[in-house]
Amino acid sequence: VGAVVGRMDGFSPRIELRDLTVLDEQIGPALSLREASLRIDPWQSLLSGTLRADVVTLIAPKMSRPMREGQRMPEFPEAFWEILNSFGRVQVRDAQLGHQSDSDAKSSPVTFDLDLERERSQRRVRLSVRSGDDVVMTAEGTGTGNPGEITQFSGEIHGAISGQGLSILASNLGVG
């Protein structure tokens, strides 16, 4: 951690971690972030007697996950989604998706913004994917379950996808 900053956001304390790197014993740096912030829920913390965060914001995360042959997007462990689902709101800004190989050198990096809100069993998801300066896919919807695992999520999602977005999606899913 490069710096830890604490401040008040109304009545809620906020903890910011800057230049954060999470190390994995097998692969070394597994996650790096320009900034991560946690907003503490003072009422839940008082009632439970432990520190409870209700909002997490991740700025410019980059993940280094081992990938199988031909795979361009990392797979996230189930525990990763369990942690994210424990917060009332998760915001991810300017996340870098996948990786570029030498054959992809001409393509623009893919970044995304994600806003995931939970209220009881209801989930609201907003996603925006960019390639360079162009928005290539947007999606927004509500449902129940785990939005990180499509087979465990039931709801409605609406959005738009460009031809370039469809090409990126197809290549990351290993289609055609």
Side-chain angles (χ1 to χ4, degrees), residues 1-24 27-65 73-98 109-150 152-160:
V1 176
V4 177
V5 177
R7 63 182 174 91
M8 292 298 289
D9 187 9
F11 183 62
S12 299
R14 182 174 295 272
I15 300 169
E16 295 175 358
L17 306 170
R18 297 184 182 148
D19 300 322
L20 174 69
T21 301
V22 178
L23 299 175
D24 182 285
I27 62 171
L31 173 68
S32 63
L33 297 143
R34 185 172 58 212
E35 182 178 317
S37 72
L38 296 168
R39 188 179 77 186
I40 307 303
D41 184 332
W43 301 115
Q44 287 297 320
S45 297
L46 286 172
L47 291 173
S48 68
T50 62
L51 198 59
R52 301 279 182 171
D54 64 346
V55 177
V56 64
T57 303
L58 308 175
I59 307 295
K62 294 180 184 175
M63 293 193 75
S64 300
R65 304 261 330 136
M73 288 192 325
E75 290 180 15
F76 301 105
E78 192 173 312
F80 175 79
W81 292 109
E82 287 175 18
I83 291 169
L84 290 185
N85 280 324
S86 70
F87 292 100
R89 186 171 193 182
V90 175
Q91 299 172 316
V92 179
R93 302 287 176 254
D94 297 324
Q96 199 169 52
L97 185 64
V110 177
T111 58
F112 73 93
D113 294 335
L114 173 70
D115 194 354
L116 179 62
E117 259 183 288
R118 176 178 55 85
E119 188 169 329
R120 295 184 182 87
S121 65
Q122 194 71 8
R123 304 286 190 269
R124 183 173 38 197
V125 180
R126 284 184 218 101
L127 175 69
S128 174
V129 179
R130 296 179 310 280
S131 179
D133 292 333
D134 299 326
V135 175
V136 295
M137 184 172 68
T138 61
E140 183 172 340
T142 60
T144 58
N146 180 0
E149 180 58 52
I150 200 71
Q152 298 174 6
F153 184 73
S154 174
E156 290 186 21
I157 295 181
H158 306 277

* To do: Look only at the side chain of Ser128 and the backbone of Thr138, and say whether a donor-acceptor pair between them is shorter than 3.5 Å.
  =>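 Such a contact is absent between Ser128 side chain and Thr138 backbone.
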
* Asked: What are the two closest non-hydrogen atoms of Phe87 and Val56, and how far apart are they?
  ->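 Scanning both residues completely, I find the closest heavy atoms to be CD1-CG1, 3.8 Å.
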
* Scan for ring pair (Phe, Tyr, Trp, His ring centres under 6.0 Å) pairs involving residues 2-22, sequence neighbours excluded, and state none if there are none. =>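 For residues 2-22: Phe11-Trp43.
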
* Quick one: side-chain hydrogen bond (donor to acceptor under 3.5 Å, both in side chains) partners of Glu16, sequence neighbours excluded? ->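 Checked Glu16 against side-chain hydrogen bond (donor to acceptor under 3.5 Å, both in side chains); matches are Arg7, Arg18.
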
* Asked: What residues, two or more places apart in sequence or in another chain, satisfy side-chain hydrogen bond (donor to acceptor under 3.5 Å, both in side chains) together with Arg130?
  ->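 Partners of Arg130 by the side-chain hydrogen bond (donor to acceptor under 3.5 Å, both in side chains) criterion, ordered by chain and then number, come out as Asp94, Thr111, Asp113.
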
* Decide yes or no on side-chain contact (heavy atoms from CB on, under 4.5 Å) for Ser12 and Ile40, but give the supporting numbers first. => CA-CA 6 Å; Ser12 299; Ile40 307 303; 5.9 Å; no

Taking atom [atom1] of [X] and atom [atom2] of [Y], what is their separation to the nearest 0.5 Å?
| X | Y | atom1 | atom2 | value |
| --- | --- | --- | --- | --- |
| Ser37 | Gln91 | OG | CD | 7.5 Å |
| Leu51 | Ile15 | CG | CD1 | 6.0 Å |
| Leu58 | Arg34 | CG | CZ | 12.0 Å |

* Asked: Side-chain contact, heavy-atom cut-off 4.5 Å: Thr144 with Gln122?
  -> yes

* **Of Arg118, Arg89, Arg39, the residue whose pairing with Asp54 passes salt bridge (charged side-chain N to carboxylate O under 4.0 Å, His left out)** =>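 Looking at Arg118, Arg89, Arg39, the match for Asp54 under the salt bridge (charged side-chain N to carboxylate O under 4.0 Å, His left out) is Arg39.
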
* Option among Val90, Thr142, Leu116 that satisfies the side chain to side chain contact (heavy atoms under 4.5 Å, CB included) test with Val125 ->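 Of the listed residues Val90, Thr142, Leu116, the side chain to side chain contact (heavy atoms under 4.5 Å, CB included) partner of Val125 is Leu116.
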
